[in-house]
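Take a look at the structure below.
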Amino acid sequence: MDSLGEASTSMAADETLDPPDWADVKALSHRIMDDAMGYLRDVRERPVWQEMPAEVRTFFTAPLPRTPSPLADVYGDVARNVMAYPMGNIHPRFWAWYMGSSNFTGALGDFLAAIQGSNLGGGNHAAGLMDSQVVDWCKEMVGFPASASGTLVSGGSMANIIGLTVARNIKAGIDVREHGVAAIPMPLRFYASDQVHSCHRKAMEALGLGNHALRRIPTDAGLRIDLAALRAAISEDRAAGFKPACVIGTAGTVNTGAIDDLRALAVLAAEEDLWFHVDGCIGALIAIAPGNASLVAGIEQAHSIALDPHKWLHAPFEAGCALVRDAVAHRGTFAVTPEYLESAPRGLASGQWLHDYGLQTSRGFRALKVWMALKEHGVEKFGRLIDQNIAQGRYLAGLIAAEPALELTAPVTINIVCFRHRGGGLSGEQLKALNTEIMLRLQEEGIAALSDTTVHGQHCLRVAITNHRTRREDLELLVAETLRIGAELAARMSPAGEQTCP
Ligand SMILES: *Cc1c(COP(=O)(O)O)cnc(C)c1O
């Protein structure tokens, strides 16, 4: 019979994704490993970034593959079209936005995590214990008590959402989980400086409170939250029938690296009965840097902290961490236990359910890459590297201050330097065009990756040195090349010359 024939054929050839010949993949895998080490070793010799040619863009429009290709060909495609055109953040002269520069041990961790393939939603297995241990280590790094709780998440944005969700639920005055935000009797207000990261806006939206529930408080000359203005806003809101619920302190703003006065915010939060959350995505880990730890004093008094191992611990993306002082409040915000996820007294299901501390059910094994790098280097070395980046930020600021054609546009607190080319007599709009063009040419010529921003209404270039490969000579090169490109462009754009800047 036909159907029986088909059934027996398929039984004879159960398919799998495992390689038909392990010896084959072994040779190829060793080559991939060799290439990977060469790739990292020689990163300094390559451009920071390069534009992708048309054929590379076309490559990514190929339709869904229906039939097999040899793995060696698949790897060839990846090497040519992906590995050759990176974002560039592992390069010693990548200083755009704010991200870490990864590390080889972390990459091995990601590889081994994928080989084991464990799901960290919960269960009784070693990866779960390691996940909790890395959270414990994060608590220890920022001075949180052992009784606090926490969870590894995709990054700082999610870590902030975790902290702010607990804050909302604790301060709502009703059971928000059951009744929703519409039942909150007095509208909640959250406070942060006008330098607060955009992820907090998204968080307020996702929490159902809306963007207006986050009041942006003006900053002082150092771009730190103005405490008098904060107090005034709180009393104004109370008088108007709002419920002040939470103050978000920033330890390292994304624009300039400014650090709010965290000790003062802790006192203010206690007096005003607010939840005190710290966005420490940039600066929480300064707590492990011996030369600069005092800058973030007070962070240990927060109710919740967001920090980002994929920034100053250089974990390969992604790894963020949310810490919550009150473990009961944390679990009470997220735990849901349907029957299919109940704990058993013994066996695989007897472990802690890590999905009770956040929004994800399935969770990747993020802990391994962080754990391996911390174990290999020790936390003291990470602390020294943070000090090194901060010293480099100050060194760059000194180089810029010494060049008449350049000027600093914001105070340098840590590793973020905002500056611009003066352009000799150009107007505001032209100055912005000049500096934008300098930034683009530095990228396109593969020299350095910077970003730009606006600080107190003034456009500027921005260098964020979260990079364990940067050397002082790289910063000297940046200044020299900025002067070269700037002089070329300024000559063409000067009021007397032609306006030919593209
Ligand atoms: C990077 C950053 C975030 C967002 O973190 P992700 O890891 O990118 O999600 C939030 N706040 C600050 C201050 C940051 O620098």
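We count ligands from 1, going down the list as the structure has it; atoms in each ligand are counted the same way.
Ring orientation note: the planes of W312 and Y98 are nearly perpendicular, at an angle over 60° on the 30°/60° scale. Using cut-offs of 30° and 60° on the angle between ring planes, the pair H330 and F334 is perpendicular.
Remark: D110 does not engage R366 in a salt bridge, criterion side-chain N to carboxylate O under 4.0 Å.
The backbone N or O of A319 sits less than 3.5 Å from a side-chain atom of H310, completing a donor-acceptor pair. Side chain of H303 to backbone of F276: a donor-acceptor contact under 3.5 angstrom is found.
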Run through all N or O atoms in ligand 1 and write down each protein N or O closer than 3.5 Å, as a pair with its distance.
{"residue": "ligand 1", "atom": "5 (O)", "partner": "G156", "partner atom": "N", "Å": "3.4"}
{"residue": "ligand 1", "atom": "5 (O)", "partner": "S157", "partner atom": "N", "Å": "3.4"}
{"residue": "ligand 1", "atom": "5 (O)", "partner": "D308", "partner atom": "OD2", "Å": "3.3"}
{"residue": "ligand 1", "atom": "7 (O)", "partner": "G156", "partner atom": "N", "Å": "2.7"}
{"residue": "ligand 1", "atom": "7 (O)", "partner": "D308", "partner atom": "OD1", "Å": "3.3"}
{"residue": "ligand 1", "atom": "7 (O)", "partner": "D308", "partner atom": "OD2", "Å": "2.6"}
{"residue": "ligand 1", "atom": "7 (O)", "partner": "H310", "partner atom": "NE2", "Å": "2.7"}
{"residue": "ligand 1", "atom": "9 (O)", "partner": "G156", "partner atom": "N", "Å": "3.3"}
{"residue": "ligand 1", "atom": "9 (O)", "partner": "S157", "partner atom": "N", "Å": "2.8"}
{"residue": "ligand 1", "atom": "9 (O)", "partner": "S157", "partner atom": "OG", "Å": "2.7"}
{"residue": "ligand 1", "atom": "11 (N)", "partner": "D279", "partner atom": "OD1", "Å": "3.3"}
{"residue": "ligand 1", "atom": "11 (N)", "partner": "D279", "partner atom": "OD2", "Å": "2.7"}
{"residue": "ligand 1", "atom": "15 (O)", "partner": "K311", "partner atom": "NZ", "Å": "2.8"}

Donor-acceptor list for residues 264-271 side chains, cut-off 3.5 Å, not counting sequence neighbours:
{"residue": "E271", "atom": "OE1", "partner": "R231", "partner atom": "NH1", "Å": "3.1"}
{"residue": "E271", "atom": "OE1", "partner": "R231", "partner atom": "NH2", "Å": "3.0"}

